Amino acid sequence: MPLLTRPAERTWLTLPSRAALLACETDVLVVGGGPAGLGAALGAAGAGARVVLAERHGFLGGNATVALVMPLMSFHTRSAPRVRQAARGLMPADHGPGDPLVAGALRDLLERLVTAGAAISPSEDTGFVVPFDPEMFKIVALELLDEAGVELLFHAFAADVLGRSRLEGVVFETKSGPLVIKARVVVDCTGDGDVAALAGAPFQVGRDPDGAVQPMTLMFRMVQFQRSAFDRYVAERPDQWRGVHGLWDLVDKATEAGELDLPREDILFFGTPHEGEISVNSTRVIRVLGTDVWDLSYAECVSRRQMRQIASFLRRYVPGFESSYVVQSGVHVGVRETRRITGEYMLTAEDVLGARKFPDAIARCAYPIDIHSPTGSGTELKHLAFGESYDIPLRCLVPQRVDQLLVAGRCISGTHEAHSSYRVMPIAMATGQAAGVCAALSTRLRRSPRDVSAAEVQDELRSQGASLRPAA
């Protein structure tokens, strides 16, 4: 494999000091333009703050658009157990139907996407997930931030910070050289907790006791899929397909013929808003970490080779795929798990499965514990009880040891098991909106974010249409 190898011995060089341009000073700086960053920027702007959002790519959406993680997974509770197959097919049959737990910024985004014909509202027909068009997602997200008055900086990679125990700003590497954005409060929506780690916040990585993380997956879209032929195969072999995954016999046949070396237990793909298109979630790269450049380079190569093999398998073995081809793959491999920043509270699996409620709740979730095996094939699913949900407390967004900083998205404070539930994008957007609101209130009230009361954050979130339990 033509990859630069990791150096056998570490030799550190001292780089010359340099100056950086002060780009601006703002109330709230949001680092990262994925779902968490969108929620944070909209939440902070809605609460009256001046907001700058810096994003390392040239577009918004994060994993939704960069890594093609689609559809948006369910943000609804589950109701009474029953056997159900989504009417549209190629959608999960084990989510919902129940009450929506996320609204606010997510609802605004989804309404825009649906109006533009770029998403399908969650319902029985979609299995309560949201199929969406990633290209329109970029445009709609841009429109929402523009209307909210959020100032944007693209192609800016967060590489360092000003201040440690009390954060003053972030240093970005750009094509124009290093830039500094100073802010009264920073919201880390990088997914990996990059800013928090640079500032010295404690964090954990992986599961106990070996530190292994969930695998990476390169998502890709295939077109010219003939749905009717696939449906006939599933009707003849109902034991071979369960909503969005299966094809076990065909996988075994191709494996025995030496044409497929599938790294996961079965083939997994979803329908999209477009007829004749599917989103494939079947590559898997294990024992790699998304904060290690050597691992990332390896994962990019391995996952694209897997993609080619899987696409060839689908064309050769699976009815309906004979004329299909890959039309798009992720800009980079999708990363499920890296750092989890240690906050004032750490959410646990017991909190999730026990549907625990907190007085400082800023988001609700009912997505199951969903752990893709860190060491190979297999996926562990543990659902909440029917009709139940758990709260995410504000304290999970407040890092220990660093002031003037909040975190949102998949890097908030929780265990490996709890993370596998709250990492999904609708919940990331909800925690982002809460972090943005808390940051804006911090600047308005001239308090540290950790000294802003949960009641004040909850009141502002409710005024922005967020879905919380009724106030006591």
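Computation of the quantities below employed the complete heavy-atom set of this structure, encompassing side-chain atoms and omitting hydrogens, waters and symmetry-equivalent molecules. Here the structure is a predicted model, which is why all the values come from computation and not from measurement.
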*Can you name the residues that form a salt bridge (charged side-chain N to carboxylate O under 4.0 Å, His left out) with Asp208, not counting sequence neighbours?*
none
_Straight-line distance of Ile392 CD1 to Arg364 CZ, nearest 0.5 Å_ = 11.5 Å
*Those residues that, when tested against Val352, pass side chain to side chain contact (heavy atoms under 4.5 Å, CB included) (two or more places apart)*: Leu347, Ile369, Leu384, Tyr390, Ala418, Ser421
*What pairs of residues pass the salt bridge (charged side-chain N to carboxylate O under 4.0 Å, His left out) test when at least one of them lies in residues 365-381, not counting sequence neighbours?*
Asp370-Arg423, Glu380-Lys382
_Tell me every residue that passes salt bridge (charged side-chain N to carboxylate O under 4.0 Å, His left out) with Lys253, counting only those two or more places apart in sequence or in another chain._
none
*Any residue meeting side chain to side chain contact (heavy atoms under 4.5 Å, CB included) with Pro202, in chain and number order, not counting sequence neighbours*: Thr342, Gln400, Arg401
*Quick one: side chain to side chain contact (heavy atoms under 4.5 Å, CB included) partners of Thr115, sequence neighbours excluded?*
none
*Do side-chain atoms of Gln309 reach the backbone of Asp261 as a donor and acceptor pair under 3.5 angstrom?*
yes
_I'd like to know if the side chain of Ser329 reaches the main chain of Phe220, judged simply by a donor and an acceptor atom lying under 3.5 Å from each other, with no hydrogens or angles considered._
no
*May I ask you to say whether Asp194 pairs ionically with Arg339, meaning some side-chain N is under 4.0 Å from a carboxylate O?*
yes
*Please list all pairs passing the salt bridge (charged side-chain N to carboxylate O under 4.0 Å, His left out) test where one or both residues lie in residues 57-69, with sequence neighbours left out.*
none
*Counting only N and O atoms by type, is there a donor-acceptor contact under 3.5 Å from the side chain of Gln464 to the main-chain atoms of Gly104?*
no
*With sequence neighbours excluded, residues passing salt bridge (charged side-chain N to carboxylate O under 4.0 Å, His left out) with Asp249*: Arg237
_Test your reading of the model: is there a side-chain donor-acceptor pair from Gln306 to the backbone of Arg284, 3.5 Å cut-off?_
yes
*What class does the angle between the rings of Phe137 and Phe132 fall in, given that below 30° is parallel, 30 to 60° is tilted and above 60° is perpendicular?*
tilted
_For a 4.5 angstrom cut-off between non-hydrogen side-chain atoms, does Leu145 reach Leu38?_
yes
*For Tyr345, enumerate each residue passing the ring pair (Phe, Tyr, Trp, His ring centres under 6.0 Å) test, keeping only those at least two apart in sequence or located in another chain.*
Phe358
*With a 4.0 Å cut-off, would you call Glu337 and Arg207 a salt bridge?*
no
_Under 4.0 Å between a side-chain nitrogen and a carboxylate oxygen: does that hold for Arg232 and Glu236?_
no
*Would you please name every residue forming a salt bridge (charged side-chain N to carboxylate O under 4.0 Å, His left out) with Glu322, sequence neighbours left out?*
none
*Considering residues at least two apart in sequence or located in another chain, which fulfil the side chain to side chain contact (heavy atoms under 4.5 Å, CB included) criterion with Val31?*
Leu29, Ala158, Val170, Phe172, Val186, Thr190, Val195
*Under the ring pair (Phe, Tyr, Trp, His ring centres under 6.0 Å) rule, collect the residues that match up with His57, sequence neighbours excluded.*
Phe59, His332
